[in-house]
Visitor: 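Here it is, the structure, as structure tokens.
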Amino acid sequence: QVQLVESGGGLVQPGGSLRLSCAASGIIFSAKAMGWYRQAPGKGREFVAYIATGDTTNYADSVRGRFTISRDNAKNTVYLQMNSLKLEDTGVYYCNIRGTSIWGQGTQVTVSS
């Protein structure tokens with residue numbers, strides 16, 4: 001049974017930082033490209049970042065230079081380091097196995113003063 005469990009969300013002030021984690025089970029994690037997506041209130045889910053099996057990364061323009069995606073294959077975990085957070089980064093963040101419909105339950109990130 002494949003499972004993705006996100007954690008690390010919370011309330012942070014503008015300019016602050018958070019690190020999200022997504023722990024995977026039931027897959028050969030090192031063989032999977034992984035992605036982070038988010039959904040703001042009243043909006044659709046949007047791409048944030050992804051990391052390939054060879055550690056190639058890609059980012060949405062809105063987060064490039066502020067967010068960093070990384071992975072630890074020994075821990076079956078993908079991370080999203082978020083710095084210089086803005087109000088518009090607020091939303092539920094989900095991880096995903098690229099190319100599949102497998103999603104975690106999401107973790108809430110709220111950026112507010």
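Just the heavy atoms: all of them, side chains too, but no hydrogens, waters or symmetry mates, feed the values below.
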Visitor: Indicate every side-chain donor-acceptor pair of residues 102-113 with a distance under 3.5 Å to a residue at least two apart or in another chain.
Guide:
| unit_1 | atom_1 | unit_2 | atom_2 | d |
| --- | --- | --- | --- | --- |
| Gln105 | NE2 | Glu6 | O | 3.0 |
| Thr107 | OG1 | Gly9 | N | 3.1 |
| Gln108 | NE2 | Gly91 | O | 3.4 |
| Gln108 | NE2 | Thr110 | OG1 | 3.3 |

Visitor: Applying side-chain hydrogen bond (donor to acceptor under 3.5 Å, both in side chains), name anything that partners Gln81, two or more places apart in sequence or on another chain.
Guide: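 Partners of Gln81 under the side-chain hydrogen bond (donor to acceptor under 3.5 Å, both in side chains) test: Asn83.
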Visitor: Going only through I, L, V, M, F, W and Y residues with side-chain contacts under 4.5 Å, is there a path from Tyr59 to Tyr93?
Guide: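 Same cluster: Tyr59 reaches Tyr93 through Ile, Leu, Val, Met, Phe, Trp or Tyr contacts under 4.5 Å.
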Visitor: With the 4.5 Å side-chain cut-off for hydrophobic clustering, are Tyr94 and Val63 part of the same group?
Guide: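 No, because Tyr94 and Val63 fall into different hydrophobic clusters, even though each may have its own neighbours under 4.5 Å.
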Visitor: Do Met34 and Val2 belong to the same hydrophobic cluster, where Ile, Leu, Val, Met, Phe, Trp and Tyr are linked whenever their side-chain heavy atoms lie under 4.5 Å apart, directly or via other members?
Guide: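 They do share one cluster, since a chain of ILVMFWY contacts under 4.5 Å joins Met34 to Val2.
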Visitor: On a heavy-atom basis, which atom in Ser84 and which in Ser17 lie closest, and how many Å separate them?
Guide: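 Reported closest heavy-atom pair: N-OG, 4.3 Å.
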Visitor: Find out if a path of hydrophobic residues (ILVMFWY) with successive side-chain heavy-atom gaps under 4.5 Å connects Leu80 to Tyr50.
Guide: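 No, no single cluster joins them.
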Visitor: Once you round to the nearest 0.5 Å, how far does NZ of Lys32 lie from CG of Asn76?
Guide: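 So the NZ of Lys32 and the CG of Asn76 are separated by 12.5 Å.
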Visitor: Can you list every disulfide bond (SG atoms under 2.5 Å apart) pair that touches residues 26-78, not counting sequence neighbours?
Guide: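 Disulfide bond (SG atoms under 2.5 Å apart) check on residues 26-78 returns no pairs.
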Visitor: Answer whether the closest heavy-atom distance between the side chains of Phe67 and Leu85 falls below 4.5 Å.
Guide: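 Heavy-atom side-chain distance check passes, below 4.5 Å.
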Visitor: I'd like to check the salt bridge (charged side-chain N to carboxylate O under 4.0 Å, His left out) partners of Arg64; sequence neighbours left out, ordered by chain and number.
Guide: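 If we apply the salt bridge (charged side-chain N to carboxylate O under 4.0 Å, His left out) test to Arg64, skipping adjacent residues, the hits are Asp61.
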Visitor: From Ile69 CD1 over to Cys95 SG, what is the distance, rounded to the nearest 0.5 angstrom?
Guide: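 Going from the CD1 atom of Ile69 to the SG atom of Cys95 covers 9.0 Å.
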Visitor: Output every pair passing salt bridge (Lys or Arg N to Asp or Glu O under 4.0 Å) with a member in residues 83-107, not counting sequence neighbours, ordered by first then second residue.
Guide: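 The answer is Arg38-Asp89, Arg66-Asp89.
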Visitor: Which pairs would a plain distance check flag for residues 19-27, meaning a side-chain donor or acceptor within less than 3.5 Å of a matching protein atom at least two apart in sequence or in another chain?
Guide:
none

Visitor: Do Ile51 and Ile97 sit in one hydrophobic cluster, given that two such residues count as connected whenever their side-chain heavy atoms are within less than 4.5 Å of each other, even indirectly?
Guide: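 Ile51 and Ile97: one cluster.
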Visitor: With rounding to the nearest 0.5 angstrom, report the CG to OG1 distance, Leu11 to Thr90.
Guide: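 Rounded to the nearest 0.5 Å, the CG-OG1 separation comes out at 8.5 Å.
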